[in-house]
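Here the structure comes first, spelled out in structure tokens, and everything after it is commentary.
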There are 2 protein chains.
Amino acid sequence: MVGLRTLQPSRRLPFNPDAAYGAITLMTTPKNDKNTRTTGRPTLNEVARRAGVSPITASRALRGIPSVAEELAQRVREAARELGYVVNPAARALASARSQTVAVVVPSLGNQLFVETLEAIHAVMRPKGLEVLIGNSHYSRDEDEDLIRNYLAYQPRGLLLTGFERTESARRMLEASGIPCVYMMDLDSGAGLHCVGFSQLRAGAAAAEHLIARGRRRMAFVGAQLDQRTLLRGEGFRRALQQACLYNPAFELLTPQPSSVGLGGELFGQLLAAHPQLDGIFFGNDDLAHGALLEAMRRGVRIPEQVAVLGFNDLPASAFMVPRLSSIHTPREAIGRRAAEMLLALMAGQSVAEPVQDMGFELMVREST
Amino acid sequence: MVGLRTLQPSRRLPFNPDAAYGAITLMTTPKNDKNTRTTGRPTLNEVARRAGVSPITASRALRGIPSVAEELAQRVREAARELGYVVNPAARALASARSQTVAVVVPSLGNQLFVETLEAIHAVMRPKGLEVLIGNSHYSRDEDEDLIRNYLAYQPRGLLLTGFERTESARRMLEASGIPCVYMMDLDSGAGLHCVGFSQLRAGAAAAEHLIARGRRRMAFVGAQLDQRTLLRGEGFRRALQQACLYNPAFELLTPQPSSVGLGGELFGQLLAAHPQLDGIFFGNDDLAHGALLEAMRRGVRIPEQVAVLGFNDLPASAFMVPRLSSIHTPREAIGRRAAEMLLALMAGQSVAEPVQDMGFELMVREST
DNA sequence: CGGTGCAGGGATAGCGCTATCTTTGCCGAC
DNA sequence: GTCGGCAAAGATAGCGCTATCCCTGCACCG
């Protein structure tokens, strides 16, 4: 009943939608009524029938492929809207051997840092019609590998991964898949890979230089979680101190426990008890530093007079701590955005002029140093 | 070459894998070599051929369907392992009209609360082989609707949604889909729905009662974001104050801005400037309370002597604030876990004895009150 | 005025699985 | 024995799309 093409003065044999895709189809599939496997949602065929075109034309129209006359495309879009049609991503992925999906693996969602990165990625990908799959590896190489294996099965258009710390077999899978991949956050060992981040090593050095410039001489590094990036920051810090002949290996407190405010306070207490002479502490993550500031207040330790405290990442709360926490601000939104854009380019088959993008970092000097 | 069934004394005609699924298949599809649409990954057919069984048997074996003899199943699993076979989820979803996916929509990832809920959900779903899709609605009904529409297209096995605040059309889509759905966090308007949470209304009342019990008489409520749950907490607080004849509508500060530490400090300042006589403040979320405590310290406002401060959610950092923040602890891990389990039951077609599960809340009394 | 190029469509044929019959052989029962 | 019933496979037929080829009509060409 639909689709008598009165609007268009056709140049060809009129296409009879009901005959072609309605009645005949129903006749040649007599078991249609007993087959209950379908989802009940409208299919592309129904849209096509309603618009009076063939299914492929409908497919092309909805995908915005230009070889469809605008008038037809419009009819198809309208039919889709009227029926409430939504593509079946599984069917699309199967037929085209590619999904509309991008997978991201971050090591934690508890760290605000990665949440902000994800937001930036979303903001780039969503407008392109790409679904973002979020995986949390919990800082575990094995989970990271599982997630990658799992996601590769979905044939994502691209992958965004955090850092380079990865099992050998995960690396092989990635390579074998041929799926474009951009690495976020670190640069220091990203030779030959596409990566967007900053040098954790240099950031650690910058921390040391700032404390030295503030006249500090006995400085400690406190790191938790002990992921590669934290270790690199520590290493950068260490080297800069060595260079200034101020390095003391005893002034280093590392623990694999996950970073948290509570832990920061605890480590701060331990450190001061063991080394009361300390006059500066660099924390590998801001939440540790927050805990330290709170613990200092509780103990009456004066910050920064007695000990300067420097954080890392510049989480939103840092500027409001008492005293306001100095921290190294990391450009996670920019990293997320740029990494997403780079991935988009790779997905489009373009080669990227600058495969390694250093987004830098910024020292935020506040009251705590 | 593979699969001469020497191991099993067959009762039937021997199944010749190469003839059935190898050579003949290749002959009847002469264009196989020029078709480059395939992904290159091994398919179930190849696994079946290698194991010397039919594809359906291989499918059944890998899905653990018991009607396959253990010996065959073992051969299939081994073949799959040798080939590095991973199912194509798109093909599976298309063929079975269902995915191995559960979708979750939370209003924010910036709030630690929801991250912890997600972790609990993951912990339940992953072992069942279910993929968890995470959607962030940013406290927007429109985004919530978009996410739901989008996820429904994936034919998830189930949905976990936060709260009941939802557009009419989202509600209709959910109902029409017939996909099981569990609502998390709130109970107050969940009549007829499956929900796991606690009464935001009663939690708000408990906050008021605690402050009253502490001898406070001029109490304010500070809420940001203004999502339904925050408003309900405020409403519960208000009603309890009214009942005690202590309600003063001027002592309420609501803002649609997203909750944050910085905002908490700012609102605290505004409130005290406008109403210096206040002796108790209930913050709708802990990060606001954190900001207030820090701002109080900066201003020399003594907490709790001058003003008692009570938070909500009991975020991990609250116990370490100065003074330690009293807060209403919400059982988000338990909610996530229980909601996931309830959804699992619904997905299995079971009816749930208690469709509304009140997980309660716990007042954590610390130094700030 | 026949060739020939180019659009705008359509027909055909799967993508890689699984739901649903069928078939086969075997067992026990009447 | 014959037959019903059962268990363990296999054959068949799509799921809902899209890649790929193909067809048709028209414009343009010399």
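Letters A, B, ... mirror the listed sequences (proteins, then strands); counts begin at 1.
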Nearest whole angstrom, please: distance from the [atom2] of [N] to the [atom1] of [X].
| X | N | atom1 | atom2 | value |
| --- | --- | --- | --- | --- |
| A/Leu94 | C/dA13 | CG | P | 18 Å |
| A/Arg75 | C/dG8 | CZ | P | 15 Å |
| B/Ile65 | C/dT20 | CD1 | C1' | 12 Å |
| B/Glu71 | D/dA8 | CD | P | 13 Å |
| B/Gln74 | D/dA9 | CD | P | 13 Å |
| A/Arg49 | D/dG16 | CZ | P | 12 Å |
| A/Gln155 | C/dC15 | CD | P | 13 Å |
| B/Asn45 | C/dT18 | CG | C1' | 12 Å |

Side-chain donor/acceptor of A/Arg60 to base of C/dG8, under 3.5 Å: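 Not at all, since no donor on one side and acceptor on the other fall under 3.5 Å apart.
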Donor-acceptor pair present, B/Arg41 side chain and C/dG16 base, under 3.5 Å: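 Looking at the base of C/dG16, it does not pair with any donor or acceptor on the side chain of B/Arg41 (distance under 3.5 Å).
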Measure from the side chain of [X], starting at C-beta and using heavy atoms only, and say which of [options] lies closest.
| X | options | value |
| --- | --- | --- |
| A/Leu44 | C/dT18, C/dG9, D/dC17 | D/dC17 |
| B/Ser96 | C/dC17, D/dG16, C/dA19 | C/dA19 |
| B/Ile56 | D/dA19, D/dC15, D/dA11 | D/dA11 |
| B/Ala95 | D/dG16, C/dT18, C/dG9 | C/dT18 |
| A/Val53 | C/dG8, C/dG10, C/dC17 | C/dG10 |

Give a yes or no on whether a salt bridge exists between [X] and [Y], defined as a side-chain N under 4.0 angstrom from a carboxylate O.
| X | Y | result |
| --- | --- | --- |
| B/Glu168 | B/Arg171 | yes |
| B/Asp146 | B/Arg149 | yes |
| B/Glu145 | B/Arg166 | no |

Result of checking B/Glu70, B/Glu82, B/Glu71 against B/Arg77 for salt bridge (Lys or Arg N to Asp or Glu O under 4.0 Å):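 Only one option passes, and that is B/Glu70.
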Does a nitrogen or oxygen in the side chain of [X] sit under 4.0 Å from OP1 or OP2 of [N]?
| X | N | answer |
| --- | --- | --- |
| B/Arg92 | C/dG16 | no |
| A/Thr57 | C/dG9 | no |
| B/Ser54 | D/dG10 | yes |
| B/Tyr154 | D/dG16 | no |
| A/Thr43 | D/dG16 | no |

Single hit among A/Leu160, A/Leu118, A/Ile121 for side-chain contact (heavy atoms from CB on, under 4.5 Å) with A/Val106: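 Output: one option passes, namely A/Leu118.
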Most 5' of A/Arg98 and A/Ala91 on DNA chain D, judged by nearest nucleotide: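 This one resolves to A/Ala91.
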Worked check of side-chain contact (heavy atoms from CB on, under 4.5 Å) between B/Leu62 and B/Val76: CA-CA 7 Å; B/Leu62 293 178; B/Val76 170; 3.8 Å; yes
